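None of the values given here were measured: they were computed from a predicted structure. Each chain gets a letter, A, B and so on, in the order its sequence line appears, and its residues count up from 1.
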There are 2 protein chains.
Amino acid sequence: MAVHIDACQYKIMNISKTTCCAPLLSGGLTPDEAVNLAAIFRVLGEPARLQMLSLIATQPNQEVCACELAAPLGLAQPTVSHHLKVMHQAGLLERERRGTWIYYRILPEKLAMLRTSLA
Amino acid sequence: MAVHIDACQYKIMNISKTTCCAPLLSGGLTPDEAVNLAAIFRVLGEPARLQMLSLIATQPNQEVCACELAAPLGLAQPTVSHHLKVMHQAGLLERERRGTWIYYRILPEKLAMLRTSLA
DNA sequence: TCCTTATATTGATGATAGTCTATATTAAGC
DNA sequence: GCTTAATATAGACTATCATCAATATAAGGA
């Protein structure tokens, strides 16, 4: 059975593999780098996802169970699952299964990489 | 005659006015802040726009004439005009008319603000 | 095995937005 | 005023994507 991956997801999956990124203001951004970098910014270009990151950051253990996100965000469970998947594939979150639950943590290196890309 | 402004543009226009932004990882991002911050990231979530910024940064005077962008990017003139408008409204670019031509410069403060928002 | 709960996937829908052609506007020079 | 060149806008088309209800899968306990 073939796994279906659309163009956008494939693009996002490649992000984690790329070392990325020539600082924007230093110039010389290649078209490929632009595509990869833009894909990550597009992931952040969604209020619900930013609030998820903020919520995770406020937790004492810096992690959150997926089941805890739907209520404060006012979103349906599949929507939360979708956003978590997008951010995980973009390399912004790491996930760990503990029993029935799945916990997500922020990968600060990815955010640091974005910060330098804006320098 | 009424000026037509759609919801997205209105959101973007508000960005420049907002002081913004509680650092993401410090938590406590309000829904409004999330909307404003996401709107700016969405502006950066477009390869063509990132390449425009990169192109401007490589210029000796740190500025570029709108007329010089279409060719290297392989885009039509109205498309370039659209992207420049979006970035200008988002507070990423400043514009100066000199005769028939319009020159754009990057506003580094806005990028700095984004960097801190990722901290 | 069955039941319950958590998470993921599917498929549909509506909204957003990037792109183009065609046209309008603006500015400068004659 | 007229002409030319630069920029902006309008409108159409398309692709992407956020969202949901419905359903499937995964994991643990009785």
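Atoms CZ (B:F41) and C1' (D:dC17) sit 19 Å apart, rounded to a whole Å. Atom-to-atom, CD of B:E96 to P of D:dA6 comes out at 18 Å; the value is rounded to the nearest Å. With rounding to whole Å, A:Q89 atom CD is found 11 Å from C:dA8 atom P. Between the NE2 atom of A:H82 and the C1' atom of C:dA8 there is a distance of 12 Å, rounded to whole Å. Distance CD1 (A:I102) to P (D:dT25): 16 Å, rounded to an integer number of Å. Distance, B:L44 CG to C:dG18 P: 12 Å, rounded to whole Å. Residue B:K85 contributes atom NZ, which lies 12 Å from atom P of C:dG18 at whole-angstrom precision. With rounding to whole Å, B:L84 atom CG is found 13 Å from C:dG18 atom P.
Proximity of B:R95 to the phosphate of D:dA6: no side-chain N or O atom is located under 4.0 Å from OP1 or OP2.
Here the side chain of B:T100 is nearest to one of D:dT7, D:dT19, C:dA28, namely C:dA28.
Toward the 5′ end of DNA chain D lies the nearest nucleotide of A:R49, the other residue of the pair A:R49 and A:G99 mapping further downstream. Heavy-atom nearest nucleotides on DNA chain D were determined for A:R97 and for A:T79, and the one closer to the 5' end corresponds to A:T79.
Residue B:H83 is classed as a sugar-phosphate contact, given heavy-atom separations below 4.0 Å to backbone atoms only. Using a 4.0 Å heavy-atom criterion, one finds that B:Y104 contacts the sugar-phosphate atoms exclusively.
With respect to A:R95 and A:E63, no salt bridge is recorded, no charged nitrogen being found less than 4.0 Å from a carboxylate O.
Looking only at distances, a side-chain donor or acceptor of A:E68 sits under 3.5 Å from a matching main-chain atom of A:C65. Without hydrogens or angle criteria, A:R105 side chain to A:Q62 main chain gives no donor-acceptor distance under 3.5 Å.
We find the CG-CG distance between B:L114 and B:L92 to be 6.5 Å, quoted to the nearest 0.5 Å.
Residues from residues 69-78 of chain B placing a heavy atom under 4.0 Å of any atom in DNA chain D, listed by number, are B:Q77, B:P78.
When all heavy atoms of B:G28 and A:S54 are compared, the pair lying nearest together is N-OG, 3.2 Å. Shortest non-hydrogen contact noted between A:A119 and A:P23 is O-CB, 3.6 Å.
Taking the six-membered ring where tryptophan is involved, the planes of B:H88 and B:Y104 are perpendicular, since the angle between them exceeds 60° and thus also 30°.
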